[in-house]
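Sequential numbering from 1 along the given sequence is applied to the chain's residues.
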Amino acid sequence: MSATARLALANIPFPDSPEQSVTAAQDAIARASAARADIVCFPECFVPGYRGLGKTVAPADAVFLERAWSTIAASAAEADVAVVLGTERVVDGGLRISALVVNRDGTLAGFQDKVQLDPSEEATYAPGSGRRVFQSGPLTFGVSICHEGWRYPETVRWPARQGAQVVFHPHFHTAEPGSYRPRHFADPANSFHEKAALCRAAENTCFFATVNFASDGSPTTSAVVRPDGTLLCYQPYGEAGLLIADIDLAEATGLLASRCMPL
């Protein structure tokens, strides 16, 4: 009998404040537990909120972040759910976009920082360095954050070559004036982004789980793509909620990632 995992993607609105981001995360963790999910992933920088794209967020506060992570870790332990939390952190005086991974028992597994910044982010955030994979029961996974997963396929191939069956992709993509409003995933009339999600899974024979905020006119949504590049499920555009997906880990062989020859 092959191992399975139940994923929850928190396709929820941008928080009104840093404090509200914590309570919203706690609520989503509790709902993921009620849905019997093994792990829940949040959008990019959900705590305290992404700094850019017209959003105003309170100044970075390392003390607040430590307190927020501790609170969310306690919620993860109570719910018995692993968490991939889009967040930020202060390292050597610079602010990094990051994902904090919390184990089901509430212990902190560590961070995956965003290494490949979008050019628009360079005035606000500092790049991280290095990549890693995480383990939760039978599930091995990596994290590729927003711009990385869209435009740097290497950030998905690396964890797949290290045995990751799933690569989580926290991102933030909001509507611009006059932008296309899709109703179907990977709509040919839409931007390239959701087509890239299909490619990231297919080219590595792994699951790709992309998660966005819920917002009106959202140009991308949360979705899970199978290792053959076909769509497993997606959240209706702009609709807040948890996207739940059951995956068979045996399907994620990593075959095509492992066959990549050195350049």
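- Side chain of E194 to backbone of T221: a donor-acceptor contact under 3.5 angstrom is found.
- Atom CD1 of I29 is separated from atom CG of L242 by 10.5 Å, given to the nearest 0.5 angstrom.
- Minimum heavy-atom separation, E203 to R200: OE2-NE, 2.5 Å.
- Side-chain N or O atoms of D27 include none that pairs as donor or acceptor with a backbone N or O of T23 at under 3.5 Å.
- Between the side chain of N204 and the main chain of C206, no donor-acceptor pair closer than 3.5 Å is present.
- No side-chain donor from either of T4 and D248 sits under 3.5 Å from a side-chain acceptor of the other.
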For side chain to side chain donor-acceptor pair (under 3.5 Å), just list the numbers for T220 and N212, CA-CA rounded to whole Å, side-chain angles, deciding distance to a tenth of an Å, and then say yes or no. CA-CA 7 Å; T220 59; N212 193 15; 3.2 Å; yes
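- In this structure, F172 and G52 approach most closely via the heavy-atom pair CE2-O, 4.3 Å.
- Residues V225 and T230 come closest through the heavy atom pair CG1-O, 3.3 Å.
- In this structure, V167 is not a member of the same hydrophobic cluster as V115, with clusters built from ILVMFWY side-chain heavy atoms closer than 4.5 Å.
- To the nearest 0.5 Å, the span separating SG on C233 from CG on L243 amounts to 4.0 Å.
- Side chain of E121 to backbone of D118: a donor-acceptor contact under 3.5 angstrom is found.
- Remark: of the listed residues R131, Q112, Q116, R131 is the sole one forming a side-chain hydrogen bond (donor to acceptor under 3.5 Å, both in side chains) with E148.
- A donor-acceptor pair is defined here as one N or O able to donate and one able to accept, closer than 3.5 Å; no such pair exists between the side chain of N11 and the backbone of V211.
- Under the 30°/60° scheme for interplanar angles, the aromatic rings of Y125 and Y50 are found to be tilted.
- Using a 4.5 Å cut-off between side-chain heavy atoms of Ile, Leu, Val, Met, Phe, Trp and Tyr, with links allowed through other members, L249 and V40 fall into the same hydrophobic cluster.
- Note that CG of D80 and CZ of R104 are 4.0 Å apart. Values are rounded to the nearest 0.5 Å.
- No more than 12 heavy atoms of other residues, nucleotides or ligands lie within 6.0 Å of CD in E176, so this atom counts as exposed by the packing criterion.
- A single hydrophobic cluster is not seen to contain both L53 and W150; linkage of ILVMFWY side chains at heavy-atom distances under 4.5 Å, directly or through other members, places them apart.
- The distance from the CD atom of E88 to the CG atom of L100 is 12.5 Å, given to the nearest 0.5 Å.
- The main-chain N or O of D187 is found under 3.5 Å from a side-chain atom of K195 such that the two form a donor-acceptor pair.
- Between the S21 side chain and the V47 main chain, no donor and acceptor come within less than 3.5 Å of each other.
- Side-chain N or O atoms of H169 include one that pairs as donor or acceptor with a backbone N or O of C146 at under 3.5 Å.
- Each of S218, S222, P15 was compared with F213 under the side-chain contact (heavy atoms from CB on, under 4.5 Å) criterion, and only P15 meets it.
- Pairing each heavy atom of A240 with each of P13, the nearest pair is CB-CD, 3.9 Å.
- Atoms CD and OG, from E154 and S144 in turn, are 10.0 Å apart once rounded to the nearest 0.5 Å.
- Connection of L65 to V101 is established within a shared hydrophobic cluster, with ILVMFWY side chains joined at heavy-atom distances below 4.5 Å, either directly or through further cluster members.
- Distance alone, capped at 3.5 Å, places no donor-acceptor pair between the T140 side chain and the A164 backbone.
- A cation-pi arrangement is present between R89 and F111, with the terminal nitrogen or guanidinium carbon under 6.0 Å from the aromatic centre and inside a 45° cone about the axis.
- Two different hydrophobic clusters hold Y152 and F192 under the rule that ILVMFWY side chains link at heavy-atom gaps under 4.5 Å.
- For the atom pair CG of L231 and CZ of F185, the computed distance is 5.5 Å after rounding to the nearest 0.5 Å.
- For T205, the side chain to side chain contact (heavy atoms under 4.5 Å, CB included) test picks out P227, T253, L255, L256, with sequence neighbours left out.
- Ring-centre distance between F46 and F14: not below the 6.0 Å cut-off.
- A donor-acceptor contact closer than 3.5 angstrom links the side chains of S75 and Q26.
- Residue-environment remark: CD (E78) stays at or below the threshold of 12 foreign heavy atoms within 6.0 Å.
- The main-chain N or O of G106 is never found under 3.5 Å from a side-chain atom of N103 such that the two would form a donor-acceptor pair.
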Distance-only donor-acceptor hits, side chain of residues 66-74, under 3.5 Å, sequence neighbours excluded:
residue	atom	partner	partner atom	Å
W69	NE1	T87	OG1	3.1
T71	OG1	R67	O	3.0

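- Between Y237 and Y234, the ring-plane angle classifies as tilted under the 30° and 60° cut-offs.
- For H173, the ring-ring contact (aromatic ring centres under 6.0 Å, His included) partners are H193, not counting sequence neighbours.
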